[in-house]
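For reference, the structure is listed below as structure tokens.
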There are 2 protein chains.
Amino acid sequence: MKCGTEKSEDRIREAAKRVFLKKGFDGTTSRDIAKEADMNIALTNYYFRSKEKLFLEIFKDVLEEYFQSMLTILNKDIDIKTKISEIVDNDFEMMKREPDLVIFIMNEMHKAPQRLFPDMSVFRQVRETYLKKQIEEGVANGTVRPMLLENILPLIKCGVEFIFMGKEIHKELFMMNEEEFAKYAEEQKEHIKAMVCNYLILA
Amino acid sequence: MKCGTEKSEDRIREAAKRVFLKKGFDGTTSRDIAKEADMNIALTNYYFRSKEKLFLEIFKDVLEEYFQSMLTILNKDIDIKTKISEIVDNDFEMMKREPDLVIFIMNEMHKAPQRLFPDMSVFRQVRETYLKKQIEEGVANGTVRPMLLENILPLIKCGVEFIFMGKEIHKELFMMNEEEFAKYAEEQKEHIKAMVCNYLILA
DNA sequence: GTATATTTTAAATGATTGTTTAAATTTATC
DNA sequence: GATAAATTTAAACAATCATTTAAAATATAC
């Protein structure tokens, strides 16, 4: 009844995630997924009804993965400066671990935002984070520049994510090989921390 | 011999650019392009030999378009602070005028960097810009934080390009409609100018 | 104005797409 | 261990893909 079932379903899901992340929805064929999972082509539709349905499931997971670890940090009871540093570090590690994730999310949402459902509770969680309260208190007592969470968060995240999303361009543009880029990215990470803190914290 | 020729070829090129920018290489079919240009499907291959060749031509143009207006500013004889402001403004206008351009470039280079030729003279032009000299002089006399062009340029560009590339995510995440996002982006633009100048210029 | 070269067309090419079918196999239930 | 349910398989489906063909239409050359 359900012995190897979850295994097969999960194998397809994991294979599909790998392929979708690398090639995008349009660049991925059902046969690519079946081959990556080393399973029969018909099983994709047996378990997930269609390529589109499978993609939507995976996209939801990927979007949660993108926000989840950041959320934990945003809610930690540490000072803002440390928090910014941890967010940047976390972003950095994520981009190294999953280099396709952010460009994948942005590209798919850019091409077809309407199909990727708005019932994401993660979005609400990000809006109602403890960092928001910290910022509001900081602004009130004059230690933080008067800004909203939605202005601050992208400033923290854009630096690291931008250079990794555009990794190939930056490598080409500034004539770096793989290890030179790695060193460069580390430098850039520290600049971002310092720059954002400089701007945000009115000490 | 060559009456309506250039017209047809250019019509296809322009149509292809629109479709490729919107749907990406994988998401675009030869029929999409023919339909957009309102021409027979066979003409794409008659003028450009293949979808791939047509794409490569257009990608080269798009990459130049991305760097060209910035290059002009980088070489202007104005002080660094003004220059940063103009780069950010220029980026901002580009993202409004061509919202698909940057995410298109990054996504295509991310998926298949090797096929997109390294003979881009624009890259060299960016590396050898007048701003580089300005920075070196500023660093030497202590008015500019000790950094290289390759560290500074992404800091200037990431802010605006990031929020526009992730426009749909930001709209969803912070519950903004189109006009709220426009206002938000303007705010963000000014924050970026101030933040980068604050960090870079050691007055 | 005829001959030649170029451009455009409709139709077809074979390969690949997502998806379905129905039979074969494995697993669970009694 | 027989029966039923769930899973896996090979094969096929129609649709669409990029590309090619060869004829028709148009422009150019003399």
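Chain letters run A, B, ... following the sequence lines, proteins first and then strands; every chain starts at 1.
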Quiz item: Could you give the angle between the helix axes at the two ends of the helix from dT19(C)-dA12(D) to dC30(C)-dG1(D), with five pairs per end, rounded to 10 degrees?
Solution: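 Roughly 20°, once rounded to the nearest ten degrees.
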
Nearest whole Å is fine: how far is [N] [atom2] from [X] [atom1]?
{"X": "D38(A)", "N": "dT7(D)", "atom1": "CG", "atom2": "C1'", "value": "16 Å"}
{"X": "N40(A)", "N": "dT19(C)", "atom1": "CG", "atom2": "P", "value": "15 Å"}
{"X": "F48(B)", "N": "dT20(D)", "atom1": "CZ", "atom2": "P", "value": "15 Å"}
{"X": "E9(B)", "N": "dT7(C)", "atom1": "CD", "atom2": "C1'", "value": "12 Å"}
{"X": "L43(B)", "N": "dT20(D)", "atom1": "CG", "atom2": "C1'", "value": "13 Å"}
{"X": "M39(B)", "N": "dT6(C)", "atom1": "CE", "atom2": "P", "value": "18 Å"}

Residues [X], [Y]: salt bridge by 4.0 Å N-O rule:
{"X": "E150(B)", "Y": "R127(B)", "value": "no"}
{"X": "K193(B)", "Y": "D89(B)", "value": "yes"}
{"X": "E98(B)", "Y": "K17(B)", "value": "yes"}

Quiz item: Counting side-chain heavy atoms from C-beta on, which of dT19(D), dT19(C), dT9(C) comes nearest to N45(B)?
Solution: dT19(D)

Under 3.5 Å donor-acceptor pairs involving side-chain atoms of residues 101-111 of chain A, not counting sequence neighbours:
unit_1	atom_1	unit_2	atom_2	d
E108(A)	OE2	F25(A)	N	2.9
H110(A)	NE2	D100(B)	OD1	2.6
K111(A)	NZ	D26(A)	OD2	3.1

Quiz item: Closest approach of K76(A) and Q134(A), non-hydrogen atoms and distance?
Solution: O-OE1, 4.4 Å

Exercise. Measure across P154(B) and Y184(A) and return the closest heavy-atom pair with its distance rounded to 0.1 Å.
Key: CG-OH, 3.1 Å

Quiz item: Within 45° of the axis and under 6.0 Å from the centre of the six-membered ring of F48(B), does NZ or CZ of K53(B) qualify?
Solution: no

Quiz item: T44(B) near the nucleic acid: base, sugar-phosphate alone, or nothing, with a heavy-atom cut-off under 4.0 Å?
Solution: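 The residue T44(B) makes no contact with any strand.
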
Quiz prompt | Residues touching DNA chain D, which here means a heavy atom under 4.0 Å, drawn from residues 24-35 of chain B | solution =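 Within this stretch, T28(B), T29(B), S30(B), R31(B) sit under 4.0 Å of the strand.
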
Quiz item: For residues E161(B) and Y66(B), is any side-chain donor paired with an opposing acceptor at under 3.5 Å?
Solution: yes

Exercise. Nearest-nucleotide wise, let me know which of I41(A) and Y46(A) is further upstream toward the 5' end of DNA chain D.
Key: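 On the 5' side of the pair lies Y46(A).
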
